[in-house]
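Data block below; observations after.
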Number of protein chains: 2
Amino acid sequence: MREPTFLILTALARGKHHGYSLLAETKKLSGGRVTLQPGSLYTTLDRLKEEELVQDAGDEIVDGRLRRYYTLTDTGAKALEREISRLESNAGAARLSLQARAVGGMA
Amino acid sequence: MREPTFLILTALARGKHHGYSLLAETKKLSGGRVTLQPGSLYTTLDRLKEEELVQDAGDEIVDGRLRRYYTLTDTGAKALEREISRLESNAGAARLSLQARAVGGMA
DNA sequence: AACTATATGTATATCGTATGACTATTGCTA
DNA sequence: TAGCAATAGTCATACGATATACATATAGTT
């Protein structure tokens, strides 16, 4: 799972969002590092729906504009949890390696 | 940075390795999840050398077979450190989101 | 003689993402 | 009232890291 996908799932874990609001939310979650373009967002959402990690959560018309809401499925929440574990495990292993390098100098 | 790249840099942070030993080391570091194929490994190493995150650390002939060693550069170590921070930050944000979901139910 | 492990590569395909152009509506303001 | 920004979403194409499959060679094992 790559960062855009991860950020989208993370944003949706807090509750439902519509597409456009995800653009702002993912940017915020990444501390400003990641700015998704509409094209990336919607193709990713389509894929995630096919994989059943994300599902539709109803449409709404606000000020004449359609809002299409999305939420995490339980499968999606589990996938996110596994992904978090992977990140933490990788980060931990790498921290150990870097410490070994700092302490031992280079072999 | 994706997982294969990350695992290769992590392995090299502990000291020099030749290509083939990285296949085993990255597998070990990932807890068996990731099995790099030779093709992925060597193309990634070539790219990392071009980007100067990794450098050659001498050749050696053992039992009639060539071993080509690699190490991290300082730039590579810094890149790995930044990457670790990114993983930790993403994992932290996602944990909070999942907790919000668990506590609040779904909105 | 065939097979497995060690060791290093090349060529091509795949897939998620990036990019950029496009459609459409509302609200503001000059 | 024409023009522009912001909101909301779609579509076509390109890119790039990795995956897959293949190639080559030596050493040791069965």
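Note that this is a predicted model, so its numbers are computed, not measured. Letters A, B, ... are given to chains in the order of the sequence lines, protein chains preceding strands, and every chain is numbered from 1.
- Of all the heavy atoms in B/Leu80 and B/Leu9, the pair that sits closest is CD2-O, 3.9 Å.
- When the C1' atom of C/dA7 is taken as reference, atom CG of B/Leu23 falls 9 Å away, rounded to whole Å.
- Rounded to a whole Å, the CG atom of B/Leu22 is 14 Å from the P atom of C/dT6.
- Regarding A/Met1, its CE atom lies at a distance of 15 Å from the C1' atom of C/dT17, rounded to whole Å.
- Between A/Leu9 atom CG and C/dG16 atom C1' the separation is 14 Å, expressed in whole Å.
- Residue B/Arg2 contributes atom CZ, which lies 7 Å from atom C1' of C/dG16 at whole-angstrom precision.
- Judged as a salt bridge (charged side-chain N to carboxylate O under 4.0 Å, His left out), the pairs with a partner in residues 29-47 of chain B (not counting sequence neighbours) are, in order, B/Glu3-B/Arg33, B/Arg47-B/Glu51.
- B/Arg47 places its CZ atom 16 Å from the P atom of C/dG9, with the value rounded to the nearest Å.
- Taking A/Glu83 as the reference, A/Met1, A/Phe6, A/Arg86, A/Leu87 meet the side-chain contact (heavy atoms from CB on, under 4.5 Å) condition, with sequence neighbours excluded.
- In this structure A/Thr73 satisfies the side-chain contact (heavy atoms from CB on, under 4.5 Å) test together with A/Gln55, A/Thr75, sequence neighbours excluded.
- Annotation: salt bridge (charged side-chain N to carboxylate O under 4.0 Å, His left out) contacts involving residues 17-32 of chain A, sequence neighbours excluded, are absent.
- Counting only residues at least two apart or in different chains, ring pair (Phe, Tyr, Trp, His ring centres under 6.0 Å) contacts with residues 20-52 of chain A are absent.
- Between B/Tyr20 and C/dT8 there is no side-chain N or O to OP1 or OP2 distance below 4.0 Å.
- With sequence neighbours left out, B/Glu60 forms a side chain to side chain donor-acceptor pair (under 3.5 Å) with B/Tyr69.
- For the ring pair (Phe, Tyr, Trp, His ring centres under 6.0 Å) condition, no pair includes a residue of residues 72-102 of chain A, sequence neighbours left out.
- The minimum heavy-atom distance between A/Glu88 and B/Ala91, with the atom names listed, is CG-CB, 3.8 Å.
- Not a single side chain to side chain donor-acceptor pair (under 3.5 Å) links B/Thr44 to another residue, sequence neighbours left out.
- Distances shown here put every side-chain N or O of B/Ser21 at or beyond 4.0 Å from the OP1 or OP2 atom of C/dA7.
- Contacts with DNA chain D (heavy atom under 4.0 Å) in residues 33-41 of chain A: A/Pro38, A/Gly39, listed by number.
- In the 5' to 3' direction, nucleotides of DNA chain D lying under 4.0 Å from heavy atoms of chain B begin and end at D/dA17 to D/dA27.
- Between B/Tyr42 atom OH and C/dA11 atom P there is a gap of 16 Å when expressed in whole angstrom units.
- Under the 4.5 angstrom side-chain criterion for Ile, Leu, Val, Met, Phe, Trp and Tyr, the cluster partners of A/Leu66 are A/Ile61.
- Taken residue by residue, residues 62-70 of chain B places heavy atoms nearer than 4.0 Å to DNA chain C at B/Arg65, B/Leu66, B/Arg67, B/Arg68, B/Tyr70.
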